[in-house]
Amino acid sequence: YVLWRFFFSCPTSSANSASQLDNIVEFNNSSFQSYLSKNENVVLKSKEGELNLDNNEIILSGAVEGKFNLDGEVFNINTDSLSGNLLSKSILSEEEVIFKAKGIEIVSSAMEISRKTQEGVKVLFWNANLNKLNADSRMLKGKANKIELFLSKDLIVMDGNAVFYEDNMKLISDKLHYDLNTDRIL
């Protein structure tokens, strides 16, 4: 059971008149909110957007802000554009993304959020820099060609030219695993 709700803050939403675009709704200065279950939701805000009713795709652009509460985890994103399919469990941004959760900040050139039954929520970042926000963490910062964040497992996997700074150490490897729960490299 999924409930989707849109809030349009200005009267500029419209449907296109071309025959193949009859089921496209365009909107400005809007908020998108979904209730996935009793304790889970997604809230997205943007300056512009488009909803294709035929394929259930949503495209948001212009100062996109998102707050996600999934699998008991809360995280926030900021980017210039975001797209996803309302029926699938994947959201993608091919623009720079700022992601914040679990006392960390990740800035990347692109990001994909997916949700699978066995893995839970997985966030994939390309050309990413990792910074600490939690003052108690030994992890200082890192970067990699690809960073995978498994929120339900408290695990970060850094892949491809991975560099990680912890306490007074600098680690360089093709692949690094970091446990957020124990605050250590695996």
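We count residues from 1, following the sequence as given. Computation of the quantities below employed the complete heavy-atom set of this structure, encompassing side-chain atoms and omitting hydrogens, waters and symmetry-equivalent molecules.
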Hey, is the main chain of E96 close enough, under 3.5 Å, to the side chain of T79 for a donor-acceptor pair?
yes
To the nearest 0.5 Å, what is the distance between OG (S93) and CD1 (I98)?
11.0 Å
Which residues satisfy the side chain to side chain donor-acceptor pair (under 3.5 Å) test with S152, sequence neighbours excluded?
none
Dump the intermediate steps for side-chain contact (heavy atoms from CB on, under 4.5 Å) on E112 and I91, then the final yes or no.
CA-CA 6 Å; E112 181 178 9; I91 295 174; over 6 Å; no
Atom pair CZ/NZ of F164 and K170 - distance to nearest 0.5 Å:
13.5 Å
Does the Lys NZ or Arg CZ of K141 fall within the cation-pi geometry relative to Y165 - under 6.0 Å from the ring centre and within 45° of the axis?
yes
G66 and L44 have their tightest heavy-atom pair at CA-CD2, 3.6 Å
Under 3.5 Å, is there a donor-acceptor pair between the S81 and E94 side chains?
no
After noting the C-alpha distance and the side-chain angles of L171 and I185, does the key distance pass the side-chain contact (heavy atoms from CB on, under 4.5 Å) rule?
CA-CA 10 Å; L171 300 167; I185 295 171; 2.7 Å; yes
Return a table of donor-acceptor pairs under 3.5 angstrom between the side chains of residues 154-161 and protein atoms on other chains or two or more places apart.
unit_1	atom_1	unit_2	atom_2	d
D154	OD1	K102	NZ	2.4

Checking side-chain polar atoms at under 3.5 Å, does D54 have a donor or acceptor matched by the opposite partner on N23?
yes
Please report the interatomic distance NZ(K100) to CD(E105), rounded to the nearest 0.5 Å.
5.0 Å
For the student: nearest non-hydrogen atoms of V64 and S46, plus distance
CG2-CB, 3.9 Å
Cluster check L82, W126: I/L/V/M/F/W/Y, side chain < 4.5 angstrom:
no
Which pair of heavy atoms, one from V123 and one from F125, lies closest together, and at what distance?
CG1-CZ, 3.1 Å
Over all heavy atoms of both residues, which pair between F150 and K122 is shortest? Give the atoms and the distance, please.
CE2-CD, 3.3 Å
Does atom CG (D179) have a neighbourhood of more than 12 heavy atoms from anything else shown, all under 6.0 Å?
yes
Qualifying residues under side chain to side chain donor-acceptor pair (under 3.5 Å), relative to S83, sequence neighbours excluded
none
Spell out, yes or no, whether L60 and V43 are grouped together once hydrophobic residues are joined by side-chain heavy atoms under 4.5 Å, including indirect joins.
no
Please round to the nearest 0.5 Å and tell me the distance separating atom CG of L149 and atom CG of L180.
6.5 Å
Is L186 reachable from M169 through a run of hydrophobic residues whose side-chain heavy atoms are each under 4.5 Å from the next?
no
Is the shortest heavy-atom distance from the side chain of E50 to the side chain of V25 under 4.5 Å?
no
Could you walk me through whether L130 and K143 satisfy the side-chain contact (heavy atoms from CB on, under 4.5 Å) test, starting with their C-alpha distance in whole Å, then the side-chain angles of each, then the deciding distance to 0.1 Å, before giving a yes or no?
CA-CA 6 Å; L130 177 96; K143 66 180 179 177; over 6 Å; no
Residues two or more places apart in sequence or in another chain: which of them pass side chain to side chain donor-acceptor pair (under 3.5 Å) with S108?
none
Scan residues 42-82 for pairs that pass ring-ring contact (aromatic ring centres under 6.0 Å, His included), counting only residues two or more places apart or in two chains.
F68-F75, F75-F99
How far does CD of E26 sit from CG of N52, to the nearest 0.5 angstrom?
11.0 Å
Decide whether L53 and I58 are clustered together by the hydrophobic rule: side chain heavy atoms of Ile, Leu, Val, Met, Phe, Trp, Tyr closer than 4.5 Å, transitively.
yes
All side chain to side chain contact (heavy atoms under 4.5 Å, CB included) counterparts of S173, not counting sequence neighbours
L176
Determine whether I77 and E65 satisfy the following criterion, side-chain contact (heavy atoms from CB on, under 4.5 Å), listing intermediate values before the conclusion.
CA-CA 6 Å; I77 62 168; E65 297 176 15; over 6 Å; no
